[in-house]
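Naming: A, B, ... by sequence-line order, numbering from 1 per chain. Keep in mind that this is a model prediction, so the values were computed, not measured.
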Number of protein chains: 2
Amino acid sequence: MDSSSRPRSTRDRPAKAPLSAEAIIDAALAILKSDGLDAVSMRRVAAALDTGAGSLYVYVTGREGLQEAMFDRIIATIELETPDPSRWRAQLHSLLGRLRDALVAHPGIAAATMVDPPRTEVVLGLLENLLGLLLASGLEPQRAAWAADILAAQVSYAAIEAELRRTDPTALAAQVTANFARLPADRFPLITAHAEQLVAGGVDERFRFAVDVVIDGVLATTSAR
Amino acid sequence: MDSSSRPRSTRDRPAKAPLSAEAIIDAALAILKSDGLDAVSMRRVAAALDTGAGSLYVYVTGREGLQEAMFDRIIATIELETPDPSRWRAQLHSLLGRLRDALVAHPGIAAATMVDPPRTEVVLGLLENLLGLLLASGLEPQRAAWAADILAAQVSYAAIEAELRRTDPTALAAQVTANFARLPADRFPLITAHAEQLVAGGVDERFRFAVDVVIDGVLATTSAR
DNA sequence: ACCTGAACACCGTTCAAGT
DNA sequence: ACCTGAACACCGTTCAAGT
């Protein structure tokens, strides 16, 4: 009855659900959002749920499985639009932008899981939508399929880059430009000459350009297939 | 004198250099090549050098610094060709292919360091060469600079993908195709219809296509700049 | 049936003590 | 001056013991 005498407990919170896969993933995502993936240890997730790390293994296969579950939940928040052949390009930019933003909001998850994502229904739903948009452009299936992969690489890379620059993007860019310009011009003539171009543009502008490059490239290329 | 009585020592090897940044990086690279980045712990590197983990901190700033040093050494092995305007495209494919292969030979290093590489002279030398090849195509500097970044994303992604598929690429591809084809066609009509295209092509063919797409795209795109 | 928490085999990093 | 290795504060995962 005397809850104040209970040691180091947080039981007086609004009646939390006891333990479940959902609750574990929720707790893990909260830590991921605020402190990044490295901070999401089994022990810390368990501590947030007032239990021991070992207890999590009933609901989750381990750290890796938990990360896949987190990734799935993040992807599940991304809204999908039915492909419209009259505006597939805008839809594509919008979809990939939402994906990138969702990844950036959860620092570390792109680097850890994006290249080899779990093939859950949610993740496959995203691929289905992406493929639909690419096919709406008139691309034949093989080029559309490969383009999906190329775009995934760009999203993943852009997300990780944006995470790095999240504290103060412009200050960091200015610093890099200065460093590039200060290099010996005889050994790095192109980098010193084009220091500004190398750093130019915000994350959004560069990402938009990259997506357009891939789209235009896959429409234009005369390579093998 | 009686070396056989010395406990758990490997001193009878051909007179190894005692301890230095070089020796530490060598030992770390050997472990990286055979067992991947996760196995490259300060303790294991130290053990390979017959010392304690603490001793490494005189020559190396820490685990992160060691990884950057390893990355630098890996990049240093990549041969650079002077850009030739008559065959810049072939040179570009060749350079990026060598980079990707060097990364794949050191599992985990691409994922860990490629997006935010150390700006050492060696790494900048690679960027200088890449930029030279792109400018040799006739691209204006801004597009060349951004293209370098887009290509870096493709190399990084391709390397990580190749690492995953390194054990038995064709068996894995067949399995993924089967999984895709077995999905409910009403919910995933495009994935099931194009399961083969999604998995088609070896790592090399897909990478070659991706690089051509980026080149052709950056030459063709009518985006912002 | 479910949860706990101790135990095992690891980490990176620091630093007093030795040679 | 340089190296050692103990210590600190962590890891992921397993599993006997409790309720």
C1' spacing across the pair C:dA1 / D:dA17, given as an integer number of angstrom: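 To the nearest whole Å, 14 Å.
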
Pairwise P distance, D:dA9 and C:dC10 [rounded to whole Å]: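 Roughly 22 Å separates the two P atoms.
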
Sugar-phosphate, base or nothing in reach of A:Ser55, heavy atoms under 4.0 Å: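 Base, at least one base heavy atom under 4.0 Å.
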
Sugar-phosphate, base or nothing in reach of B:Arg63, heavy atoms under 4.0 Å: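 It contacts sugar-phosphate atoms only.
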
SB check A:Glu121 B:Arg187 (cutoff 4.0 Å):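 Counted as a salt bridge, because a side-chain N and a carboxylate O are separated by less than 4.0 Å.
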
Salt-bridge present (B:Arg100, B:Asp204; N to O < 4.0 Å):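 B:Asp204 and B:Arg100: salt-bridged.
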
Atom-pair distance (CG on A:Leu56; C1' on C:dC2), nearest Å: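 Interatomic distance, CG of A:Leu56 to C1' of C:dC2: 14 Å.
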
Separation of atom CZ in A:Arg43 from atom P in C:dC8, rounded to whole Å: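 Computing the A:Arg43:CZ to C:dC8:P distance gives 14 Å.
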
C:dC3 phosphate, OP1 or OP2, under 4.0 Å from A:Thr51 side-chain N/O: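 So the side-chain polar atoms of A:Thr51 never come under 4.0 Å of the phosphate oxygens OP1 or OP2 of C:dC3.
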
Short side-chain N/O contact from B:Tyr57 to OP1 or OP2 of D:dC2, under 4.0 Å: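 B:Tyr57 to D:dC2 OP1/OP2: no side-chain N or O under 4.0 Å.
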
Strand partner of D:dG18, provided both Watson-Crick or wobble distances fall under 3.5 Å: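 When the pairing criteria are applied, C:dC2 turns out to be the nucleotide that pairs with D:dG18.
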
Pairing partner of C:dC10 (Watson-Crick or G-U wobble, both distances under 3.5 Å):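 Because no pair has both required distances under 3.5 Å, C:dC10 counts as unpaired.
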
A:Ile109 backbone acceptor or donor facing A:Gln67 side chain under 3.5 Å: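 Side chain of A:Gln67 to backbone of A:Ile109: no pair is present.
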
Derivation and outcome, side chain to side chain donor-acceptor pair (under 3.5 Å), residues B:Thr77 and B:Arg73: CA-CA 7 Å; B:Thr77 66; B:Arg73 276 273 277 277; over 6 Å; no

